[in-house]
Structure formats: structure tokens, C-alpha cells
Trainee: 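Submitted below is the structure of interest, expressed as C-alpha cells.
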Amino acid sequence: MARELPKVYEPQQVESQIYDMWQKGGYFHAEADESKKPFTIVMPPPNVTGQLHMGHAMDATLQDTLIRFKRMQGYNALWIPGVDHAGIATQIKVEEELRKEGLTRYDLGREKFLERVWDWKQKYGNRIVEQQKKLGASCDWDRARFTMDEGCSRAVREVFVSLYEKGLIYKGSRIINWCPHCVTALSDAEVEYVDKPGHLWHIRYPLADGTGEVVVATTRPETMLGDTGVCVNPNDERYKDIVGKKVILPLVNKEIPVVADDYAEMEFGTGCVKMTPAHDPNDFEVGLRHNLEVIRVLDDKGVMNDFGGKYQGMDRYDARKAIVADLEEQGYLVKVEDYSHNVGTCYRCHRDVEPIISAQWFVKMQPLAKEAIRVVKEGETKFVPERFSKTYMNWMENVRDWCISRQLWWGHQIPAWTCADCGHITVSREDATVCEKCGSHNIQREEDVLDTWFSSALWPFETLGWPEKTKDFNYFYPTDVLVTGYDIIFFWVARMIFSGCEHTGKTPFHTVLIHGLVRDNLGRKMSKSLGNGIDPLEMIDKYGCDALRMNMVTSNSPGNDMRFFVERCEAMRNFANKLWNASRYVMMNLSEDSKNELPALSSLEIADKWVLSKLNTLIAEVTENMDRYELGVAVQKIYDFIWDTYCDWYIELTKARLYSEDAGRKQTALQVLTYVLDQILRLLHPFMPFITEEIWQSLPHEGEALIVAKWPEACQDLAFKAEESLMESVMDAIRAIRNRRSEMNVPPSKKAALYVLTAKPQVFQEGEGFIQRLAYADSVTLLDKEPENLDGMVTCATADAKLYIPMGQLVDVAKELERIAKELDKARKNLASLEGKLSNEKFTSRAPENVVADIRDKAAKARDLIASLEGSEAAMKKLG
RNA sequence: GGACGAUUAGCUCAGCUGGCUAGAGCAUCCGCUUGACGUGCGGAAGGUCAUAGGUUCGAGUCCUAUAUCGUCCACCA
């Protein structure tokens with residue numbers, strides 16, 4: 001089979017071919033199969049408007065790694081992909097396109113506009129999917145879904161109607177967050193609060209009876225036109241007398257009442273608050289309690305309406321300026337203070353949001369939150385890391401009703417029809433043609449569509465055929481793990497949980513794996529405006545998908561943000577190349593009839609047992625880490641094993657045998673090399689799917705593809721603890737000698753004899769070849785006592801051996817003495833600390849036995865080491 | 001105002017249930033045509049694990065304060 005492979009791994013050549021091979025093999029596809037256990041992940045659907053960014057790369061890498069791991073473990077692994085219609089985002093994109101043609105959506109009308117959006121979706125909707133494939137995502141593309149497709153629409157309709165029937169959806173006039181730019185209502189979660197510098201204007205409101213005045217303070221003077229009262233605290237002595245009186249609203253010249261309500265804080269400002277029930281949630285509440293009039297002065301675009309008097313038609317900011325100017329001119333303005341405060345902004349367009357009273361549709365949250373709280377509290381759904389369950393709980397326990405109607409066209413239109421004759425609202429699973437109450441045909445469908453997150457909330461079950469009781473739904477639902485960033489816990493995770501509980505009776509997943517944000521190298525958020533985004537596709541082009549994935553998953557722990565360093569991609573590219581070359585080396589030595597199987601245990605040599613035993617431990621640990629979602633820890637162990645244990649040591653340890661004439665020994669080495677490489681590839685595959693598959697296909701193997709090969713399992717027969725430790729003794733010696741030679745600048749070409757005094761002579765005898773090859777010894781001689789003449793002798797001591805190397809004139813006595821003194825000092829300190837522990841009776845009696853034994857062992861070795869160093873020191877001194 | 005996170009080598013970060021003589025990558029320094037790999041090999045230097053207490057035989061790891069930075073939630077006009 002001896003194959004010639006290029007010296008450098010070229011991912012660009014390999015990745016697309018491998019991906020095609022997987023797709024053709026149907027390995028991504030899963031069917032309900034009662035003989036296998038399912039493992040299901042639903043992908044957070046990216047926006048149709050989306051371009052792949054690092055967040056997607058992170059998300060997809062984690063999910064793909066998990067799904068590949070489970071697939072190899074024999075689960076019926078299903079990863080459902082899909083795309084979100086992303087109401088506002090998409091509509092804005094298409095409207096921008098229209099604007100280039102000088103058109104607005106109103107010019108086209110709803111129907112034609114929606115046609116345009118669908119065209120747009122056909123055209124660009126697949127782009128992000130193709131990009132995900134570049135990441136190696138092993139999704140079941142046959143099941144790809146879109147949140148506006150027929151099935152999702154049916155699910156949305158069913159949910160809306162059933163919630164309405166249960167009284168959990170209602171329409172009402174409330175203060176909601178309104179974005180005048182996007183011209184739609186928003187939910188609480190869609191408002192981002194930003195600290196902005198502003199002003200606090202103090203305004204004089206004269207008492208109607210002419211007996212005085214009150215001064216109110218406001219950050220939004222333009223809303224005063226909608227003032228319908230002034231509020232003071234009932235306990236405020238200052239204002240006791242004026243409660244119930246009227247004040248005159250400046251500019252408007254209207255009388256409004258003074259009311260007493262706990263809402264007004266005596267300590268803040270003057271203790272008087274102006275009440276604008278139509279434009280402030282708190283004022284609205286106070287207004288309800290005191291029967292204040294509700295006057296809305298801003299229209300949907302943030303322009304003063306016909307209640308605005310002379311300011312009508314002015315934009316909210318222009319109106320503010322004009323009103324302040326007039327107040328000042330007319331002597332109502334008392335003072336202006338600089339005042340920094342939190343302003344709500346739209347999470348889409350980042351412009352200021354206006355609290356506005358408006359008739360909207362809401363989901364009643366209290367009853368739904370109850371179960372959603374229970375499933376997390378009782379651990380039916382667990383967050384990883386655990387701390388996010390607290391974030392979740394806090395939100396869920398204080399959640400307010402969810403405003404779900406949006407004044408957009410792109411989205412699921414609300415299935416409600418209002419009767420023009422009797423005013424009744426008909427909500428129906430089928431499109432209504434008559435009023436269910438009075439039978440009138442004069443009914444009009446609600447114009448609004450639903451919040452995008454309303455359909456996303458159903459994602460874990462609508463993608464499996466719900467509300468139909470399908471085979472898929474019964475088999476794959478509830479799903480297993482949900483992977484997403486902490487930034488959408490409220491938007492999405494929380495809503496999926498209460499929706500799943502309410503509509504399917506089950507929490508939609510048992511684990512929520514939370515990851516952080518990918519930031520730039522300075523720790524800033526990647527953003528278009530900063531232009532600091534790094535394109536994952538560019539990284540893939542340059543370093544390979546596997547390198548990018550490794551970058552995402554290493555040195556990163558769940559829930560924490562990470563900084564992105566291109567250098568890390570480079571490092572991981574180098575790692576891929578390292579693995580490639582190690583494999584190339586193994587393959588060069590394989591023959592046509594080579595098989596991948598372990599040789600008879602009796603033929604194994606110490607190095608073989610050492611590597612197999614280490615591998616065995618690795619398998620156990622990595623599997624455990626994976627089960628705990630500690631992917632970063634798992635992959636670090638695999639990385640270290642491959643580079644250190646396998647490449648730097650095992651391959652080197654087997655070279656003598658591989659080039660020897662002894663066919664049997666050579667064969668054993670080669671078989672172990674191949675076996676371990678195969679196991680490594682399996683362990684690494686979930687993280688670096690492409691290179692591992694490519695190499696595996698070139699190795700002797702059974703089965704079609706690595707992607708469906710069996711995940712390794714630890715096995716007692718391959719745990720050789722005794723041999724492992726013996727081998728380490730020899731390796732320690734090799735390291736010590738290299739170290740000493742390097743300090744003395746002796747090149748490898750310069751060989752030297754080695755004398756060894758050890759209590760484990762057998763393994764040093766057996767390991768003579770290793771020492772010769774890796775520590776540049778030209779002979780190894782075992783001693784039974786210290787050599788008499790240490791003239792020109794370099795010494796070093798390991799835990800198990802004393803080593804003597806005749807170096808002649810190369811030895812610098814003074815330098816050696818210095819070195820020995822330094823080591824002695826370190827060793828003595830070490831021993832002192834160990835002995836301190838052992839002489840502590842509390843330690844020996846309370847610490848577990850194995851720990852005490854371990855310390856005893858270490859102390860004994862430390863004593864040996866010190867004795868040996870002292871010997872060397874004395875000898876050196878004699879010379880000097 | 002409340003909650004949470006971070007603070008470990010020059011830089012960026014790991015370190016899971018307390019046993020560590022504290023690790024990695026990058027950067028630095030020294031040496032190497034060692035029959036897979038210079039995208040490499042061997043070696044070195046670099047840390048009182050933010051500070052102060054406490055629990056424990058033992059603390060980077062657990063507890064309590066403090067400081068600095070950051071995130072989220074709520075919000076007084």
C-alpha cells in the first residue's frame with residue numbers, strides 16, 4: 001500500500017471531496033429506528049439574510065463535534081438544520097433594495113412586496129447553507145427547514161389558536177416599545193438599553209388657582225403635550241395642600257389634576273412628576289389608578305400628531321428643541337441639568353425606542369413561566385455552565401407579557417379576523433370567511449404578523465412534524481442538546497422551553513450548552529461598523545476548516561467569550577501538518593497486505609505497552625470529558641497525545657525496529673503504530689473531521705468511512721501500568737541526558753558513552769537502543785556501584801537512575817558545580833516540604849492512604865537524588 | 001440598585017469533583033541537514049495563581065470580604 005503523499009497537507013484539495021463523499025454516503029441522514037438510541041440537536045437557524053460569521057463558526061463547530069462524537073458512539077445522530085425568516089432584518093434588506101429603485105413597500109402593496117421577499121429568499125437563502133457546509137457541518141440536509149415553510153406555518157397557526165383558546169393570547173392596549181424607524185412594536189427583549197448623555201429639564205407648571213406653581217423635571221420634554229396630570233407622593237408635606245388641585249399645562253394651556261401616588265419619589269428632583277400615560281409605562285400605571293386621560297402625541301413614525309398643536313408634523317427631536325425654546329421664551333423653563341440616563345434602543349436599527357400606547361397582541365406569560373421554571377429548577381433541563389440557569393430563572397420569574405404582534409408584512413400573519421358589524425374577533429385554524437359570532441361576512445384579517453421568535457420558539461418540535469404525531473416526532477423528540485450563545489437565552493432558549501412544555505408536555509432538550517462570543521484580538525465585539533470582523537471562510541481558505549474548528553474549540557471553556565487570533569489558526573494548521581506527516585511516515589512503511597489489527601499481546605515490547613497503556617487512559621479521559629461537554633479539555637488531551645506521546649516519543653522509539661532486519665519485531669511495531677494511529681484518528685475526528693477522514697481512508701481499514709467508525713473504548717487488557725512506569729524511567733534518563741548535553745552545547749553528532757547505576761537494570765538493558773538513539777549514546781553500560789574515577793565525567797540523576805557520561809575536556813568544573821548546587825538546593829527544598837508533610841501526624845492520619853504513600857515514595861526518591869547530587873558535588877570539588 | 005463573570009508566564013488562555021514540583025499556544029533565547037515533518041527536532045528562560053482573612057493534614061481550586069475590569073437585568077421622572 002506504500003503510498004506517496006505530499007509533504008505538506010493541503011486542506012483545500014481535500015475538504016470538498018471528503019464532504020461530497022460523506023453526503024453521497026448518506027452519513028448525515030437519520031431515520032427513526034427503534035433499534036437505536038436517538039441523539040438529536042436542532043441547529044439555531046441562521047437568518048436568511050445572514051452571512052456566515054465567527055459566531056456561526058463557533059456554534060456549528062460545537063454542534064458538529066458533539067453530533068459526530070455521538071454518531072461514532074453508535075447513536076442515531078440527527079442534526080436538523082434550517083433557516084429563519086428573520087422578520088425585521090429581512091424586510092429591511094428587501095426594502096433597501098427597493099429604495100434603490102425609488103420604491104417603498106407601500107408602492108408595491110403587501111402581496112407584491114411579499115413576492116419580492118420570497119424571490120429574495122430563493123436567491124440568497126441558500127448562501128448561508130453552502131457556507132455551513134464549508135465548516136464541515138454534518139447536518140441532515142434532507143430535513144432542512146425554513147421557519148416560513150408550510151409545516152412551520154401550520155405549527156405556528158396551531159400554537160396561536162390553542163393559546164388563544166386557552167386565554168393565553170389576548171389583544172389589548174398597553175404601553176409597548178415602539179421603533180419609529182422600523183415602524184413596529186417590539187418585545188421587551190428586543191430593546192437594548194444604552195447609557196446616553198442627556199438633559200433634565202425643570203419646567204414650571206402654574207397652579208390654576210393662581211396660588212403658586214410646581215416644578216417638574218423631565219428627560220423628554222416633547223411628551224409634555226400629552227401630560228394629563230402631575231403626581232406627588234401622598235406623604236410629601238410640601239405638596240399636601242395642592243393634591244386635588246389643578247395645574248396649567250404650559251404651551252397647551254390646559255388644566256390637569258395633581259394626584260397623589262406612591263410612585264413619586266420625594267427625594268428625586270422636586271418630588272413632582274409629570275404624568276404622560278400614553279408615553280411612559282409607569283405613568284400609564286399611575287394613570288389607570290387615578291383615571292387620567294391618555295393622550296398620544298407621537299405617531300408611528302415618531303412625528304408629532306394632531307394633538308401636537310403647533311408642533312404637529314415635527315419629528316420628535318425637532319419638536320423637543322422647539323418646545324424647549326418656547327418654554328424658555330415664555331419663562332416656564334427653570335433650569336437645565338446635564339443628565340446621563342439609559343435610553344432604550346431598537347436591537348435591529350439601534351435608534352431610540354419610544355414607549356407608546358398601542359393595541360397589540362400579547363402572550364400571557366405567568367401561567368407559561370410556571371412550568372418553564374419548574375423544569376429547570378428540577379433539572380429536567382440543565383444549563384452548561386450551570387450559572388446560566390440563574391440568568392434564566394431570574395428572567396423567567398420576572399417576565400412580563402410578551403408582545404408578539406409586529407407591524408411588518410414579512411412573517412406569519414396573525415390568524416384573527418375582526419367583524420366590522422359586531423366587533424368580535426374570530427381566531428381560527430382555517431382561514432375565516434364569516435364572523436363566528438354574528439355570521440357576518442364583513443370581516444377583516446389582522447394586518448400584523450407575529451414576532452419572528454414566535455416561530456423560532458417552536459423550532460425543536462415543528463421541525464419534527466408537530467403538530468402531527470409523526471414517527472419522527474415520537475422518536476427524536478425531545479431533542480438532546482441545544483447549543484447556542486448566551487446572548488439569545490431570553491430571545492430563544494427561554495421561549496423554546498416554555499413553548500415545548502406547553503405544547504408537547506415535555507421540555508425540548510435536557511441540556512443547553514452555552515458558549516460565549518467570538519471577539520477580535522483586542523477583545524472587542526466583531527462588528528460591521530468597526531470593520532474588525534474576521535471572515536471564517538477566509539480562514540478556511542487559508543488554513544483549512546480543521547484548523548479553524550480547532551481554533552474555536554481549544555483554549556475555550558463553555559460560556560466564556562474568546563478572542564480570535566489568526567496565529568492560533570496557524571498553530572492548528574501546523575498541528576494538522578504534523579499529524580499528516582506522522583501518518584505519511586506510517587504509510588510509507590506499510591505494505592500491500594498490511595492490516596489494521598493489534599499484534600498478539602505476547603509479542604508487544606515495552607514501548608508498545610507504554611503507548612497502548614497511555615492511549616487507553618486517553619480514551620477513558622477524553623470520553624469522560626466529552627460526556628461532560630468539556631470539549632476544550634478533551635481536544636487538548638488528544639492534541640498532546642498526538643504530538644508528544646505518539647510523534648515525539650512513540651514513533652522515535654519504534655524507528656530502530658522499523659529499520660531492523662528482524663521482520664517479526666518490525667511487524668509488531670508497524671501494527672501498533674497503525675493501530676494507535678487509527679485510534680487517534682477516531683478520537684480526533686469530531687474535532688478535525690476532514691484530515692482524519694482523508695488519512696483514515698488511506699490506511700488499512702474496515703468499514704466505509706471514519707465518520708461512521710466506532711468511537712474507541714478503553715479496555716483493561718491494554719492497561720500496562722507497570723510497563724508504563726518502567727518506560728518512563730528510561731525516558732526520564734533520556735531527557736536528563738539531552739538536557740545536560742544541550743546545556744553543554746554538545747551536538748547530537750558527538751556521541752558519548754553512558755554508564756548507568758540503577759535499581760531497575762533490566763529496563764535500562766532493554767532500553768539501551770532507545771538511549772543510544774535518542775540520547776546520542778554510543779554505548780550503555782550498567783554499573784553495580786559508583787565509578788571510582790569521575791574525572792571528566794558529567795553526571796545526572798533521575799528518580800530511578802544515576803547517569804555518568806564521560807565528556808572529557810568539555811566539562812567545565814565550575815559551571816558543573818554551580819549547576820549541581822542549584823539542583824541540590826531545589827531538591828533539598830522539595831524534600832523538606834515532603835518531610836514536613838510526613839512528620840505531620842495529622843497529615844499521615846487524615847490524608848487518604850494513596851496520597852500518603854505517594855508522598856513517601858517521592859520523599860525516598862528525593863533522598864536518593866540528594867545523595868547522588870552530593871556525591872557528584874564532592875567528586876567535582878575534588879577535581880576543582 | 002440586583003445578579004454574574006474575569007483577575008494564573010511578555011501576550012492570549014486551559015487547569016473538571018482541593019493532593020501541583022502550576023500547563024498550552026504564540027513571542028523570546030540557545031543548539032540541531034537526528035533516514036515523516038524546519039508548518040520540524042532537542043533544550044532554556046519566564047509565575048509569591050489580584051489583595052486580605054478563613055476552612056482544611058493540604059487551597060490556583062472551597063468560604064468571606066476588598067480592589068480593578070467586563071457582562072446581563074432592573075430603573076427615579
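Residue numbering restarts at 1 for every chain, and letters A, B, ... go by the order of the sequence lines.
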Trainee: Using Watson-Crick or G-U wobble geometry with both distances below 3.5 Å, tell me the partner of B:U17, or none.
Mentor: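 Matched B:U17 with nothing under the 3.5 Å cut-off.
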
Trainee: Considering every strand and a 4.0 Å limit on heavy-atom distances, what is the contact class for A:Ala576: base, sugar-phosphate, or nothing?
Mentor: nothing

Trainee: Using a strict threshold of under 4.0 Å (side-chain N to carboxylate O), is an ion pair present between A:Glu823 and A:Arg819?
Mentor: yes

Trainee: May I ask you to verify if any side-chain N or O of A:Arg628 is less than 4.0 angstrom from the OP1 or OP2 atom of B:C16?
Mentor: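 No, A:Arg628 has no side-chain N/O under 4.0 Å of OP1/OP2 on B:C16.
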
Trainee: Does a side-chain N or O from A:Lys655 land closer than 4.0 Å to OP1 or OP2 of B:A36, or not?
Mentor: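 Answer is yes, contact under 4.0 Å.
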
Trainee: Does A:Glu743 pair with A:Arg740 as a salt bridge, N-O distance under 4.0 Å?
Mentor: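 Counted as a salt bridge, because a side-chain N and a carboxylate O are separated by less than 4.0 Å.
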
Trainee: If you find the nucleotide of RNA chain B closest to A:Lys837 and the one closest to A:Ile651, which residue's nucleotide is nearer the 5' end?
Mentor: A:Lys837

Trainee: Between B:A59 and B:A52, how far apart are the two C1' atoms, rounded to whole Å?
Mentor: 15 Å

Trainee: Is A:Trp201 touching bases, backbone alone, or none of the nucleic acid, heavy atoms closer than 4.0 Å?
Mentor: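 No contact.
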
Trainee: For A:Asp561 and B:A14, give me the distance from atom CG to atom C1', rounded to whole Å.
Mentor: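 For the pair A:Asp561 CG and B:A14 C1', the rounded distance is 16 Å.
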
Trainee: From B:A14, B:A36, B:G43, pick the nucleotide closest to the side chain of A:Cys647?
Mentor: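 Closest of the options to the side chain of A:Cys647: B:A36.
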
Trainee: Could you give the CG-to-C1' distance, from A:Asp546 to B:U39, as a whole number of Å?
Mentor: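 It works out to 15 Å between those atoms.
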
Trainee: Whole Å only: how far is the CG atom of A:Asp188 from the C1' atom of B:A74?
Mentor: 11 Å

Trainee: Does B:C72 have a Watson-Crick or wobble mate here (both distances under 3.5 Å), and if so which one?
Mentor: B:G2

Trainee: Look at the side-chain N and O atoms of A:Asn577 and state whether any lies under 4.0 Å from the OP1 or OP2 oxygen of B:G40.
Mentor: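 Result: no.
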
Trainee: Across all strands shown, which nucleotide pairs with B:G38 by Watson-Crick or G-U wobble geometry, both distances under 3.5 Å?
Mentor: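 B:G38 is unpaired by these criteria.
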
Trainee: Which part of the nucleic acid does A:Ala571 contact within heavy-atom distance under 4.0 Å: base, sugar-phosphate only, or nothing?
Mentor: sugar-phosphate

Trainee: For A:Arg573, report the nucleic acid contact type (base, sugar-phosphate, nothing); a contact means any heavy atom under 4.0 Å.
Mentor: base

Trainee: By the 4.0 Å heavy-atom rule, please label A:Asp280 as base, sugar-phosphate, or nothing.
Mentor: nothing

Trainee: As a test of reading the structure: which of B:U34, B:A77, B:G42 is closest to the side chain of A:Pro748, going by heavy atoms?
Mentor: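 The closest nucleotide is B:U34.
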
Trainee: Where the side chain of A:Ser557 is concerned, which of B:C32, B:C37, B:A14 is the nearest nucleotide?
Mentor: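 Nearest to the side chain of A:Ser557 among the choices is B:A14.
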
Trainee: Which one, B:C37, B:A77, B:G31, comes nearest to the side chain of A:Glu652?
Mentor: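 So the side chain of A:Glu652 is nearest to B:C37.
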
Trainee: Would A:Tyr659 count as stacked on B:G35 if the rule is ring centres under 5.5 Å and plane angle under 30°?
Mentor: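 Yes, A:Tyr659 stacks on the base of B:G35.
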
Trainee: Before accepting this row, confirm whether a basic side-chain N of the pair A:Asp546/A:Arg573 lies closer than 4.0 Å to the acidic partner's carboxylate O.
Mentor: no

Trainee: If you check the A:Val8 side chain, which of B:U39, B:G42, B:G25 turns out closest?
Mentor: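 Of the candidates, B:U39 comes closest.
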
Trainee: Base, sugar-phosphate, or nothing: which does A:Gln636 touch, judged by heavy atoms less than 4.0 Å apart?
Mentor: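 Here A:Gln636 touches the backbone only, sparing every base.
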
Trainee: Using only side-chain N and O atoms of A:Trp580, determine if any of them is under 4.0 Å from OP1 or OP2 of B:U39.
Mentor: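 Answer is no, no contact under 4.0 Å.
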
Trainee: With A:Asp825, which of A:Lys829, A:Lys822, A:Arg828 fulfils salt bridge (Lys or Arg N to Asp or Glu O under 4.0 Å)?
Mentor: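 Among A:Lys829, A:Lys822, A:Arg828, the one meeting salt bridge (Lys or Arg N to Asp or Glu O under 4.0 Å) with A:Asp825 is A:Lys829.
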
Trainee: If only side-chain N and O atoms of A:Tyr339 are considered, is one of them under 4.0 Å from the OP1 or OP2 phosphate oxygen of B:A77?
Mentor: yes

Trainee: Apply ring-ring contact (aromatic ring centres under 6.0 Å, His included) to A:Phe491 and A:Tyr347, showing your working.
Mentor: CA-CA 12 Å; A:Phe491 280 120; A:Tyr347 87 130; 5.2 Å; yes

Trainee: Is there, by distance only and without an angle test, a donor paired with an acceptor across the side chain of A:Lys7 and the base of B:C37 below 3.5 Å?
Mentor: no

Trainee: When you measure from the side chain of A:Asn574, which nucleotide among B:G40, B:C41, B:G43 comes out closest?
Mentor: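 Nearest to the side chain of A:Asn574 among the choices is B:G40.
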
Trainee: Which part of the nucleic acid, if any, lies within reach of A:Leu774 when heavy atoms closer than 4.0 Å are counted: base, sugar-phosphate only, or nothing?
Mentor: nothing

Trainee: Give A:Asn560 one of three labels, base, sugar-phosphate or nothing, depending on what nucleic acid heavy atoms sit under 4.0 Å from its own.
Mentor: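 It contacts sugar-phosphate atoms only.
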
Trainee: Return the value, rounded to whole Å, for the distance between atom CG of A:Asp857 and atom P of B:U21.
Mentor: 14 Å

Trainee: Show the numbers, then the answer: is there a side chain to side chain contact (heavy atoms under 4.5 Å, CB included) between A:Met54 and A:Met539?
Mentor: CA-CA 10 Å; A:Met54 280 299 170; A:Met539 292 296 111; 3.9 Å; yes

Trainee: Have a look at A:Thr219 and say if it touches a base, only the backbone sugar-phosphate, or nothing, with a 4.0 Å heavy-atom cut-off.
Mentor: sugar-phosphate

Trainee: Using heavy atoms to find the nearest nucleotide of RNA chain B for A:Tyr585 and A:Asn521 separately, return the residue whose nucleotide is more 5′.
Mentor: A:Asn521

Trainee: For A:Asp262 and A:Asn233, work out which heavy atoms get closest and say how close.
Mentor: O-ND2, 3.7 Å

Trainee: Could you check which of B:A77, B:C72, B:A36 has an atom nearest any side-chain atom of A:Phe490?
Mentor: B:C72

Trainee: What is the base-pairing partner of B:A24, counting Watson-Crick and G-U wobble geometry with both distances under 3.5 Å?
Mentor: B:U12

Trainee: Look at A:Asn394 and B:G2 and indicate whether a side-chain polar atom (N or O) is within less than 4.0 Å of OP1 or OP2.
Mentor: no

Trainee: Looking at A:Tyr585, does the NZ or CZ of A:Lys655 lie under 6.0 angstrom from its six-membered ring centre and within 45 degrees of the ring axis?
Mentor: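 Judged by the rule, A:Lys655 and A:Tyr585 form a cation-pi pair.
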
Trainee: Reckon A:Arg741 touches a base, only the sugar-phosphate, or nothing at all at heavy-atom distances under 4.0 Å?
Mentor: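 Nothing, no nucleic acid heavy atom in range.
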
Trainee: Test A:Arg220 against A:Asp280 for side chain to side chain contact (heavy atoms under 4.5 Å, CB included), laying out the working first.
Mentor: CA-CA 10 Å; A:Arg220 295 189 304 155; A:Asp280 183 283; 4.2 Å; yes

Trainee: Just to be sure I understand the rule, does A:Gly198 reach a base, reach only the sugar-phosphate, or reach nothing, if contact means heavy atoms closer than 4.0 Å?
Mentor: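 Answer is nothing: A:Gly198 stays at 4.0 Å or more from every strand.
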
Trainee: What's the CG-P distance between A:Asp644 and B:G42, to the nearest Å?
Mentor: 8 Å

Trainee: Whole Å only: how far is the CG atom of A:Leu824 from the C1' atom of B:U21?
Mentor: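 In whole Å, B:U21 C1' and A:Leu824 CG are 16 Å from each other.
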
Trainee: Go ahead and name the base partner of B:A50; Watson-Crick or wobble counts if both distances stay under 3.5 Å, otherwise write none.
Mentor: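 Matched B:A50 with B:U66 under the 3.5 Å cut-off.
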
Trainee: Measure from CG on A:Asn625 to C1' on B:U17 and round the result to the nearest Å.
Mentor: 13 Å

Trainee: Is the phosphate of B:C4 approached by A:Lys390 (side-chain N or O, under 4.0 Å from OP1 or OP2)?
Mentor: yes

Trainee: Which one, B:G42, B:G5, B:C13, comes nearest to the side chain of A:Asp648?
Mentor: B:G42

Trainee: Please tell me which of the listed nucleotides, B:U34, B:G15, B:G19, lies nearest to the side chain of A:Val633?
Mentor: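 The nucleotide sitting nearest to the side chain is B:G15.
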
Trainee: Using whole Å, what does the distance between atom P of nucleotide B:C4 and atom CD of A:Glu386 come to?
Mentor: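 That distance rounds to 12 Å.
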
Trainee: Are OP1 or OP2 of B:C41 and a side-chain N or O of A:Lys578 less than 4.0 angstrom apart?
Mentor: yes

Trainee: By nearest atom, which of the nucleotides B:C41, B:A77, B:G5 is closest to the A:Trp643 side chain?
Mentor: B:C41

Trainee: I'd like to know if A:Glu630 reaches the base of B:A14 with its side chain such that a donor and an acceptor end up less than 3.5 angstrom apart.
Mentor: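 No pair found.
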
Trainee: Please classify the nucleic acid contact of A:Phe575 as base, sugar-phosphate, or nothing, using heavy-atom distances under 4.0 Å.
Mentor: nothing

Trainee: Assess whether a salt bridge exists between A:Asp800 and A:Lys861, defined as any Lys/Arg side-chain N lying under 4.0 Å from an Asp/Glu carboxylate O.
Mentor: yes

